[in-house]
**Student:** 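This structure is in structure tokens; I'll ask about it shortly.
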Amino acid sequence: MKKLTLLLLTILLVSCSDRERNCNDFKTGKFEFTQTIDGKKHTSTFTRTEKLQIETYNGKTDTASVRWVNDCEFILQKLHPKNMAEEKAISMKILFTEKNTYTFEYSFVGSNKKERGLVTKLD
């Protein structure tokens, strides 16, 4: 039994590797986000500065304020919402980074429903 416990503990420790989180590399720049909705790929591009994010999707451009909570989390708030849904702030959390991409989790502020996405840095 002692050997089995030691083996399980060893496997657990080896399999738990820390994923890279170089969030500062992704605070500013030009990015691309692709998601599949109803079987179709949709791509948006955006430029983020320390305080603004300007996104273009389907030929339309939106601007949101960016408020960094810590090095890997920020809140997006649309500057010119067109309806009630767009007035809701979005919480963004970078989970891990790899080369020129980051995987993130997002949700409306106050919501427990979280989604994940992958962003590629273009510059």
**Student:** With sequence neighbours left out, what residues match T43 under side-chain hydrogen bond (donor to acceptor under 3.5 Å, both in side chains)?
**Tutor:**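 Per chain and number, T43 pairs via side-chain hydrogen bond (donor to acceptor under 3.5 Å, both in side chains) with T34.
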**Student:** Can you name the nearest heavy-atom pair linking G29 to K121, along with the distance?
**Tutor:**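 The answer is CA-CE, 4.2 Å.
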**Student:** Please determine whether side chain to side chain contact (heavy atoms under 4.5 Å, CB included) holds for the pair I90 and I75, giving the CA-CA distance in whole Å, both sets of side-chain angles, and the decisive distance to 0.1 Å.
**Tutor:** CA-CA 6 Å; I90 300 172; I75 306 293; over 6 Å; no
**Student:** With rounding to the nearest 0.5 angstrom, report the CG to OG1 distance, L118 to T101.
**Tutor:**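 L118 atom CG to T101 atom OG1 measures 5.0 Å (nearest 0.5 Å).
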**Student:** Take atom NZ of K27 as the centre, draw a 6.0 Å sphere, and report whether it contains more than 12 heavy atoms from other residues, nucleotides or ligands.
**Tutor:**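 Atom NZ in K27 is packed in, count exceeds 12.
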**Student:** Do the side chains of K99 and D25 get close enough for a salt bridge, i.e. N-O under 4.0 angstrom?
**Tutor:**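 Salt bridge: no.
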**Student:** Do you know the tightest heavy-atom contact between C23 and T97?
**Tutor:**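 Taking C23 first and T97 second, the nearest heavy atoms are N-CG2, 4.4 Å.
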**Student:** If you round to the nearest 0.5 Å, how far is CZ of F26 from CG of N22?
**Tutor:**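 Output value for this atom pair is 7.5 Å.
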**Student:** Just by distance, with hydrogens left out, do S44 and E55 show a side-chain donor and acceptor under 3.5 Å apart?
**Tutor:**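 Distance-only check passes for S44 and E55.
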**Student:** When the ring planes of Y102 and F31 are compared, do they come out parallel, tilted or perpendicular, using 30° and 60° as the limits?
**Tutor:**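 Judged by the thresholds at 30° and 60°, the geometry between Y102 and F31 is perpendicular.
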**Student:** Which pairs with one or both residues in residues 103-119 pass side-chain hydrogen bond (donor to acceptor under 3.5 Å, both in side chains), sequence neighbours excluded?
**Tutor:**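 Counting only pairs at least two positions apart or across chains, no side-chain hydrogen bond (donor to acceptor under 3.5 Å, both in side chains) contact touches residues 103-119.
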**Student:** Working note: K78 + D62, criterion side chain to side chain contact (heavy atoms under 4.5 Å, CB included); need CA distance, chi angles, decisive distance, verdict.
**Tutor:** CA-CA 7 Å; K78 287 202 176 192; D62 276 326; 3.0 Å; yes
**Student:** Determine, using the 4.5 Å side-chain heavy-atom cutoff (strictly less than), whether V66 and M92 are members of one ILVMFWY cluster.
**Tutor:**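 They do share one cluster, since a chain of ILVMFWY contacts under 4.5 Å joins V66 to M92.
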**Student:** Is the number of heavy atoms from other residues, nucleotides or ligands within 6.0 Å of CG (D38) greater than 12?
**Tutor:**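 No - once you tally the heavy atoms of other residues, nucleotides and ligands closer than 6.0 Å, there are 12 at most.
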**Student:** Write down the atom of W68, the atom of E73, and the distance for their closest heavy-atom approach.
**Tutor:**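 That closest heavy-atom pairing would be CE3-O, 3.4 Å.
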**Student:** Enter the distance from C72:SG to N24:CG here, rounded to the nearest 0.5 Å.
**Tutor:**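 Going from SG on C72 over to CG on N24, the span is 7.5 Å.
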**Student:** Do you see a donor-acceptor pair shorter than 3.5 Å between the side chains of T49 and T28?
**Tutor:**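 Side-chain D/A pair, T49 to T28: absent.
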**Student:** Distance check, rounded to the nearest 0.5 Å: T47 atom OG1 versus I54 atom CD1?
**Tutor:**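 If we round to the nearest 0.5 Å, T47:OG1 and I54:CD1 are 6.5 Å apart.
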**Student:** Go through the steps for F33 and F104 under the test side chain to side chain contact (heavy atoms under 4.5 Å, CB included), then give the verdict.
**Tutor:** CA-CA 11 Å; F33 173 56; F104 69 103; 3.8 Å; yes
**Student:** So how far is it from N83 CG to K88 NZ, rounded to the nearest 0.5 Å?
**Tutor:**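 Between N83 CG and K88 NZ, I get 10.0 Å after rounding to 0.5 Å.
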**Student:** Looking only at non-hydrogen atoms, find the nearest pair between F46 and V119 and report the distance.
**Tutor:**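 Distance-wise, the nearest heavy atoms are CZ-CG1, 3.9 Å.
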**Student:** Determine, step by step, whether T56 and T45 satisfy the side-chain hydrogen bond (donor to acceptor under 3.5 Å, both in side chains) criterion, reporting the C-alpha distance in whole Å, the side-chain angles of both residues, the deciding distance to 0.1 Å, and the verdict.
**Tutor:** CA-CA 5 Å; T56 302; T45 57; 4.7 Å; no
**Student:** Which value, rounded to the nearest 0.5 Å, describes the distance between E20 atom CD and F96 atom CZ?
**Tutor:**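 These two atoms lie 11.0 Å from each other.
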